[in-house]
Amino acid sequence: MTTTFITGANKSLGYETARRLIEAGHTVLVGARDSERGQAAADALGARFVQIDVTDDASVAAAAADIGAREGGIDILINNAGVLGPYSPADQLTAADASTVFDVNVVGIVRVTHAFLPLLRKSASPVIVNVSSGMGSFALTHDAERLESQAIVPLYTASKAAVTMLTTQYAKSWPDLKVNAVDPGFTATDFNGHRGPQTVAEGTDAIVELATIGADGPTGTFRDRHGEVAW
């Protein structure tokens, strides 16, 4: 049985990813900061809830310890938790704003990945999927025909560029793991007021694909539901 842990899994892309992987036969552990919402999501899915705040060292350590005691290890880690941050003009953004966004979107991935590596290394085919964004791609944000070029969200886009680079560096560092980044695409979720043209199922296509690649799958790539993304 494949055991998968997903951060930020109580709604939207995380929830749908959990649902699809359960349907595929995985044992899914639903990670969420809010205990009430996380437990409700896990109950609805038929999964186990694990409380985790990716910005808190003690919370992340406790989540890893809990899973180590209960499941013994994991096969797949999906770093999905993320925040948009303030949608403010660039001249109004502060260092505190930047710290908030990067602490969740980038440092949170480092924090969780570091704590969960020992659990992943108990798997015969360990996989990490980091949810990034085409908004962090230089190529897409400079292509006038792409929606990504129309939005100006400095902190979010910079954090997602960092996630993609972090992913490639992790992949080079750990040849025993498959580590990839995903661009879900512009998907209708709470994150954007349900304005995206893609369904939540379409938004999770690449996440599910990379979570189920197996030992012969790619590593160090950045993909969306249509294939590799230029960045």
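Because the structure is predicted, anything quoted here is derived from the model rather than measured.
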Practice prompt. Would you mind reporting whether I74 and F116 have side-chain heavy atoms less than 4.5 Å apart?
Written response: yes
Practice prompt. Among residues two or more places apart or on two chains, list those pairs meeting ring pair (Phe, Tyr, Trp, His ring centres under 6.0 Å) that have a residue in residues 89-111.
Written response: none
Discussion item. Assigning hydrophobic clusters by single linkage (Ile, Leu, Val, Met, Phe, Trp, Tyr; side-chain heavy-atom cutoff under 4.5 Å), is V60 placed with V83?
Written reply: yes
Discussion item. Assigning hydrophobic clusters by single linkage (Ile, Leu, Val, Met, Phe, Trp, Tyr; side-chain heavy-atom cutoff under 4.5 Å), is M135 placed with Y87?
Written reply: yes
Item to complete: Given side chain to side chain contact (heavy atoms under 4.5 Å, CB included), test L77 with L120 step by step and report yes or no.
Response: CA-CA 8 Å; L77 169 63; L120 282 162; 4.1 Å; yes
Fill in: Residues N80 and T7: side-chain donor-acceptor under 3.5 angstrom
no
Worksheet item: Which value, rounded to the nearest 0.5 Å, describes the distance between L13 atom CG and I78 atom CD1?
Response: 11.0 Å
Worksheet entry | Side-chain touch F5/I76, heavy atoms, less than 4.5 angstrom | no
Discussion item. Test of understanding: with side-chain contact (heavy atoms from CB on, under 4.5 Å), list the residues that count as partners of S59, not counting sequence neighbours.
Written reply: Q51, I52, D53, D56
Practice prompt. Scan residues 205-221 for pairs that pass salt bridge (charged side-chain N to carboxylate O under 4.0 Å, His left out), counting only residues two or more places apart or in two chains.
Written response: R20-D205, D205-R225, E209-R223
Worksheet item: Applying ring pair (Phe, Tyr, Trp, His ring centres under 6.0 Å), which residue pairs with at least one partner in residues 125-152 are found, sequence neighbours left out?
Response: F138-H142
Worksheet entry | Set of residues satisfying side-chain contact (heavy atoms from CB on, under 4.5 Å) with respect to N130, sequence neighbours excluded | N79, I109, I128, V163, T167, V179
Item to complete: Can you sort out the partners of A32 under side-chain contact (heavy atoms from CB on, under 4.5 Å), two or more places apart, ordered by chain and number?
Response: N10, F49
Fill in: Pairing residues for A161 by the side-chain contact (heavy atoms from CB on, under 4.5 Å) criterion, not counting sequence neighbours
none
Discussion item. Give me the atom names and distance for the closest heavy-atom approach of A63 to V50.
Written reply: CB-CG1, 3.7 Å
Worksheet, complete the sentence: Residues pairing under ring pair (Phe, Tyr, Trp, His ring centres under 6.0 Å) where one sits in residues 7-38, two or more places apart or in two chains, turn out to be none
Discussion item. So for atom CD, which belongs to Q92, do other residues, nucleotides or ligands contribute more than 12 heavy atoms lying within a distance under 6.0 Å?
Written reply: yes
Response to the item:
residues 61-83 vs salt bridge (charged side-chain N to carboxylate O under 4.0 Å, His left out), sequence neighbours excluded, gives R48-D66, R48-E71
Item to complete: Please name all residues satisfying salt bridge (Lys or Arg N to Asp or Glu O under 4.0 Å) with R37, sequence neighbours left out, ordered by chain then number.
Response: none
Fill in: Min side-chain heavy-atom separation L29-I6 under 4.5 Å
no
Worksheet item: Do P184 and V131 have side chains that get closer than 4.5 Å, going by heavy atoms?
Response: yes
Worksheet item: Are any non-hydrogen side-chain atoms of V54 and V104 less than 4.5 angstrom apart?
Response: yes
Item to complete: Please report the closest heavy-atom contact between P218 and L210, naming both atoms and the distance.
Response: CG-CD2, 4.2 Å
Discussion item. Are the side chains of N180 and V129 in contact, using a 4.5 Å heavy-atom criterion?
Written reply: no
Discussion item. Quick check on the hydrophobic clustering: are I67 and V30 connected, directly or via other members, by side-chain heavy-atom contacts under 4.5 Å?
Written reply: no
Practice prompt. Mind jotting down which residue pairs meet the salt bridge (charged side-chain N to carboxylate O under 4.0 Å, His left out) criterion with at least one end in residues 151-176? Sequence neighbours excluded, please.
Written response: R121-D176
Worksheet item: Can you check whether S133 reaches Y156 side chain to side chain, under 4.5 Å on heavy atoms?
Response: yes
Worksheet item: Just how far is it from atom CG of L21 to atom OG1 of T2, taken to the nearest 0.5 Å?
Response: 9.5 Å
Item to complete: Would you indicate whether the side-chain heavy atoms of T4 and T27 approach each other to under 4.5 Å?
Response: no
Worksheet item: Can you pull the salt bridge (charged side-chain N to carboxylate O under 4.0 Å, His left out) pairs that have at least one residue in residues 83-106, sequence neighbours excluded?
Response: D103-R111
Worksheet entry | S149 side chain to T141 side chain, donor-acceptor N/O pair below 3.5 angstrom | no
Discussion item. Would L93 and S88 count as a side chain to side chain contact (heavy atoms under 4.5 Å, CB included) here? Give the steps.
Written reply: CA-CA 7 Å; L93 297 173; S88 305; 4.0 Å; yes
